[in-house]
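The sequence lines fix the lettering, A, B, ..., with proteins before strands; numbering per chain opens at 1. Source: prediction; values computed, not measured.
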Amino acid sequence: MDEETGLEHERRAKVARWRAEGREPYPWAFPGRVLTEAVRRAAGPLRPGESDPAVTFRIAGRLRSVRRHGQVAFLDLDDAAGSLQVLVRADLIGEDAYRGWLADLDPGDLVGADGIPAVSKRGEPSLEVRALTLLAKAISPPPEKYHGLQDAEERIRRPYLDLLTSPESRARARLRSELVGEVRGYFTSAGFTEVETPVLLPVAGGAAAAPFVTRSRYVGGDLQLRIALELPLKKLLVGGLEKVFEIGKVFRNEDLDSTHSPEFTELEAYWAYADYTEMRGLFEGLVARLLARAQELLPEGPARTKVAEVFRPPFPTIDFVDELERRSGLGDLLTMGRDELRAAARSIGSTVPDASPAGTFLDKLFEHYVEPSIERLTFVVDHPAATTPLAKPHRSKSGRVERFEAFVPGFELANAYTELNDPDEQARRFDEQARAAGGDRYVPDPEFVRAIRYGLPPCTGIGFGIDRLVMALTGAASIKDVILFPIARPRGV
RNA sequence: GGGCCCGUAGCUCAGCUCGGUAGAGCAGGCGGCUCUUAACCGCAAGGUCAGGGGUUCGAAUCCCCUCGGGCCCGCCA
C-alpha cells in the first residue's frame, strides 16, 4: 500500500469524526434515487430564484466541486446523466447542519441529496437541499477539477481516474458498448448463432502471430492463448451449425502501438453455402447501420464529419495484384519467385526475415506502395494465393484466392474469404507455410485438416477487430482511446 | 529492437537554455463572505525534483546508467 499523504490523513480524520458521531461513512444503499436529469426537467419551468416545494427528489453522485459563500454553498454533483448544482442554504437546514456538512464533505466524495427543484438567482437549475447523505467517503483526492487527469502514464495505469473526471471518456465507453450491441444485433437478426470457443488451446492457429503461452495443471503442460477464432468456428460448420459468429478477446504476443494491442476484441463470422461476394454485401450492410448509429451518438464536429466522409458509399474496390503492379512498376507479380519478391521488399527497406513465406514479401510491398493512398473505406480483393493459406482459390483468376480486405486510412479493418474447404489442398498450404522457416507464419493444425476431411460446406468467413472498428467509427487516433484498460508494464521498483 | 521527447507537491504546470538553499494555481487546513458555476479575499502548511551513479566548492538544472510513459521507425493477422 502507498504511504498516506497529508490529504488522505485529513480525510481519514473526517471518517473517524463521522463514526464517533454514530454516523456511517459507507452506508449500504440509497433507495429511491433518481438521475439528475429528472431534477433538471422539473426545474425547467421555474424562474430564477424560484423553487417548487410540491415535489421532492433524491439524487446521488460524485461531488465534483464546492463553492462556499458564508451562509450559502453550491455543490456540483455528477451522475450518469451529467452534472447538477446542489444549493445548500444555512437558513433552510439550520446553521449547525450547514457547518457540519461543509466541514466533512470533500470533492470526490459520493454524496446523496434530498431536496426540491429550484433555479438559482443566476439562473442555474439546482436541487435545493433539505438533507445530505454521505454514501462513500473518498480517502484519496480526485484529480484536478478543471484540467482532469493529464498525465499520459497515469491515464493508462489508472483509467478510472480519467473516467471519473472526464465525461468525454465516459461517453466514449458507452459509445463503444452501443456499437458492439449494434454489431451483435446485426448478426443475430441475420440468423447467425453467437457461440463461444476456447481461449486456451494446445496450438494457437488461424493466423500468423506469436502466441502467449501458459501452463495447465490439467493437461500437465503448456497451452497457448488463441490468436484468432477461425479454426474452431469452421469446425462448428463441419458440425452442422450453418451461420455462427463469436465476439471475443484474442491475444498476440507483440508490441503495442496506435493500431495494435496485445489483447484485443475480434469478431469472426462464418456462413455456410455463401461466398465472399455475399459476405461483402453483409458487411456493407453492417457498415451502413453502424455509421448511422455512430453519427447519431457522436457530438457534432470535425471528427464526426471526417468519419462520415470515410464511410460514405459507394466504396472503391481495388484488385490487389493489378493495383500493386501499377503503383510499384514491378513486373508480373504472380510469376515472380520468392527470391525476386524478397529483393523487391528489401529495396523498399523491409527487414522481414529472409526465410519468410513469399506472401509476407507481397504484403510488405502492398503496405508500402498501395496502403498510403487509401483515403476512404476501400475494398482490396483477390490476393495472391501465397498470402492467404486458409482461403479458397479464385474461381477464375489463376494464382489468386477469393478474398477481400476492408481498409480505412491508417489500418486494415476487416478480412474475409471464400473459405478453403478442400482438406488435401489445406494440408498442402500448411506444408508450404511450414517449409518457410523463420519469421511468424501459420502454424499447421493437423486436427483442423482432420475436421474438414468430414466435409466443410462451401462457406465464407469474415474477421474484424472490434477496437479498430470503434476507432474508425469514432475518429479515435489510438487503439488505447477505445480500450478501457490498456496494457501497461509493471511499475519499476 | 533503433531514434527523438517527457517524468518537479494529491492534481495541473513554471523553473532546466546559461549550476547558487524549490515556485504558482487547484485540492486540503484556519479565518472571512447569502447566488456562485475554473467563485472570491487573507494566513499558514504541503517536495525521494522518477531511481542510481558521476562532474562540481555547490546539481531539479550538466554527463552516464536504469525504470516508466509518449511520438516516429522496424517487427507483427
Side-chain angles (χ1 to χ4, degrees), chain A residues 2-11 13-14 48-49 63-76 83-92 98 103 106-108 118-126 128 138-157 161-162 165 204-210 227-230 250 252-262 264 266 268 349-353 356 359-360 363-364 367 387-390 405 411-412 414-415 439-442 463-465 468 477-478 480 486 488-493:
Chain A
D2 297 337
E3 278 183 38
E4 181 182 73
T5 67
L7 296 171
E8 289 169 347
H9 184 76
E10 292 284 352
R11 286 168 176 239
K14 292 176 185 180
L63 183 59
R64 198 184 59 206
S65 65
V66 180
R67 295 179 293 282
R68 290 191 61 169
H69 293 259
Q71 300 299 298
V72 63
F74 304 91
L75 317 182
D76 290 328
S83 188
L84 185 75
Q85 176 167 279
V86 172
L87 184 52
V88 189
R89 285 170 53 176
D91 58 347
L92 292 175
Y98 179 84
D106 293 298
V119 173
S120 73
K121 288 178 189 168
R122 292 291 173 85
E124 179 74 21
S126 306
E128 190 180 279
I139 298 298
S140 298
E144 211 248 10
K145 65 183 174 188
Y146 183 65
H147 298 92
L149 188 65
Q150 295 298 319
D151 183 78
E153 180 178 349
E154 283 299 289
R155 290 175 68 152
I156 287 172
R157 292 188 185 281
L161 287 183
D162 176 49
T165 50
I227 57 174
L229 312 176
E230 178 149 1
V250 299
R252 296 184 184 180
N253 205 341
E254 289 155 4
D255 278 354
L256 175 72
D257 66 25
S258 63
T259 59
H260 297 81
S261 171
F264 62 100
E266 206 191 11
E268 291 194 30
S350 170
T351 62
V352 289
S356 302
T360 301
D363 284 335
K364 286 288 134 196
E367 211 173 277
T387 61
T388 319
L390 294 162
E405 288 178 289
F411 51 90
E412 181 198 345
N415 184 21
D440 286 318
R441 54 197 194 281
Y442 286 75
F464 53 83
R468 287 184 175 187
S478 169
K480 281 176 288 198
R489 290 189 179 89
R491 214 187 278 271
V493 287

Original post:
For nucleotides 7-13 of chain B, read 5' to 3', which letter fits each nucleotide if B means a protein heavy atom sits under 4.0 Å from the base, S means only the sugar-phosphate is that close, and - means neither?
Top reply: ---BBSS
**OP:** Return yes if a side-chain donor-acceptor contact under 3.5 Å exists between A/His147 and A/Glu144, otherwise no.
**Re:** yes
**OP:** Answer with yes or no after comparing the ring centroid distance for A/Phe411 and A/His260 against a 6.0 Å cut-off, counting only values under it.
**Re:** no
**OP:** Describe the nucleic acid contact of A/Ser140 in one word from base, sugar-phosphate, nothing, applying a heavy-atom distance below 4.0 Å.
**Re:** nothing
Subject >> Counter-base of B/C35, judged by Watson-Crick or G-U geometry with both distances under 3.5 Å >> reply: none
Original post:
Does A/Arg489 have any salt bridge (Lys or Arg N to Asp or Glu O under 4.0 Å) partners at least two apart in sequence or in another chain, and if so, which?
Top reply: none
**OP:** Using both distances under 3.5 Å as the test, list the Watson-Crick or G-U wobble partner of B/C4, or none.
**Re:** B/G70
Subject >> Donor-acceptor contact below 3.5 Å, side chain A/Tyr442 vs main chain A/Gly205 >> reply: no
Subject >> Partners passing salt bridge (Lys or Arg N to Asp or Glu O under 4.0 Å) against A/Lys480 (at least two apart in sequence or in another chain) >> reply: none
Original post:
Does B/G28 have a Watson-Crick or wobble mate here (both distances under 3.5 Å), and if so which one?
Top reply: none
Original post:
Once you round to the nearest 0.5 Å, how far does CD of A/Glu367 lie from NZ of A/Lys364?
Top reply: 4.0 Å
Original post:
Base, sugar-phosphate alone, or nothing: which one does A/Arg64 contact when heavy atoms must sit under 4.0 Å apart?
Top reply: nothing
